[in-house]
Amino acid sequence: MIRIVHGEDSVLIREGVSRIIAGAPDLELVGAAEDLDGLRALVEETQPDVVVTDIRMPPTQTDEGIRMAVELNEARPEVGVVVLSQHLSKAHASLVFSGGARGRAYVLKDRIADPDELVKIIRSIAGGEAYLDPLILTEVVSGRREVDRSDLNMLSPREHEVLALVAAGQGNAAIARKLEVSTRAVERHVGSIFAKLGLEEGPEVSRRVQATLVYQQAGGDDAVT
């Protein structure tokens with residue numbers, strides 16, 4: 001069973017998400033909270049696999065869901081987080097993924113209208129995957145140039161290793177641990193990758209998503225000779 005805690009101050013949405021979770025045989029809702037403090041307490045008490053949270057809740061109705069994602073990334077990165085938002089915002093998406101994409105999702109609330117889609121997203125996040133709402137993804141990659149295998153062939157062997165880990169949803173700190181190098185060294189490699197692939201300036205998460213798409217489009221590990 002995938003154990004889920006839900007943070008949402010709207011009774012209607014809480015009930016809707018509760019019904020969706022109840023309809024999936026492998027999902028279990030272990031608690032729901034109306035504000036950030038209550039959500040923190042529930043996470044500590046129930047030790048869930050995934051937190052599904054509104055982006056805005058009391059006490060400030062601004063960025064509570066993002067703050068929850070950031071806090072868990074630092075304290076309990078194994079807990080997946082699905083942030084639900086009413087509005088399309090690349091800036092908010094950037095913050096959700098700022099500590100790494102693994103086990104993180106930024107989803108527009110319209111997706112709740114399709115119960116199967118939300119269940120699929122929760123399952124993927126519990127499995128350590130990442131999800132960026134297609135409408136936001138379209139915004140992120142708008143204007144991205146087409147690439148071919150030669151783009152990846154410009155990368156050094158180490159840069160290709162780093163890009164493969166970026167494409168797997170790893171943040172810089174996790175990549176540094178994996179490759180046994182400093183975080184600063186990873187940052188330099190990531191910057192070089194962005195430059196060599198000709199990715200436009202903008203929020204780092206946007207360029208990381210673009211780099212991932214370049215990697216996948218060119219065939220991933222099979223793209224470098």
Exercise for the section: Calculate, to the nearest 0.5 Å, the distance between atoms CZ and CD belonging to Arg102 and Glu129 respectively. Expected result: 9.0 Å
Problem - Atom CD of Glu78 with >12 non-hydrogen neighbours under 6.0 angstrom - result: yes
Side chains of residues 173-191: which donor-acceptor pairs under 3.5 Å do they make with residues two or more places apart or in other chains?
| residue | atom | partner | partner atom | Å |
| --- | --- | --- | --- | --- |
| Ser182 | OG | Ala185 | N | 3.0 |

Exercise for the section: Only counting residues at least two apart or in another chain, list the ones meeting salt bridge (charged side-chain N to carboxylate O under 4.0 Å, His left out) with Arg111. Expected result: Asp133
Completion exercise
Note: Arg123 and Pro25 closest approach over all heavy atoms is NH2-CD, 4.4 Å
Practice task
State, yes or no, whether a side-chain contact exists between Arg76 and Gln47 at a heavy-atom distance under 4.5 Å.
Solution key: yes
Practice task
Without swapping roles, check the side chain of Asp35 against the backbone of Gly38 for a donor-acceptor pair under 3.5 Å.
Solution key: yes
Handout entry: Heavy-atom closest contact (Arg14 atom, Ala33 atom, distance)
Key = CD-O, 4.4 Å
Problem - Glu8 side-chain N/O to Ser10 backbone N/O, donor-acceptor pair under 3.5 Å - result: yes
Exercise for the section: Could you tell me whether the side chain of Asn73 reaches within less than 4.5 Å of the side chain of Arg104, counting heavy atoms only? Expected result: yes
Problem - Pair Gln61-Asp9, side-chain donor/acceptor within less than 3.5 Å - result: yes
Practice task
Give a yes or no on whether a salt bridge exists between Asp63 and Arg56, defined as a side-chain N under 4.0 angstrom from a carboxylate O.
Solution key: no
Practice task
Looking only at non-hydrogen atoms, find the nearest pair between Ser156 and Lys196 and report the distance.
Solution key: N-NZ, 4.1 Å
Problem - Pairwise side-chain contact, Val43 with Leu72, heavy-atom cut-off 4.5 Å (strictly under) - result: yes
Handout entry: Atom pair NE2/CE of His160 and Met154 - distance to nearest 0.5 Å
Key = 12.5 Å
Practice task
For Glu45 and Leu42, indicate whether the former's side chain and the latter's backbone hold a donor-acceptor pair under 3.5 Å.
Solution key: no
Problem - Sub-4.5 Å side-chain heavy-atom contact between Val81 and Met68 - result: no
Problem - Ile4: hydrophobic cluster co-members (side-chain, 4.5 Å) - result: Ile2, Ile13, Val17, Ile20, Ile21, Leu27, Leu29, Val50, Val52, Val82, Leu84, Val107, Ile112, Leu118, Val119, Ile121, Ile122, Ile125, Tyr131
Handout entry: Pairwise side-chain contact, Glu64 with Ile55, heavy-atom cut-off 4.5 Å (strictly under)
Key = no
Handout entry: Close side-chain approach of His6 to Leu39, heavy-atom, < 4.5 Å
Key = no
Exercise for the section: Measure the spacing between CZ of Arg3 and OG1 of Thr46 and express it to the nearest 0.5 Å. Expected result: 5.5 Å
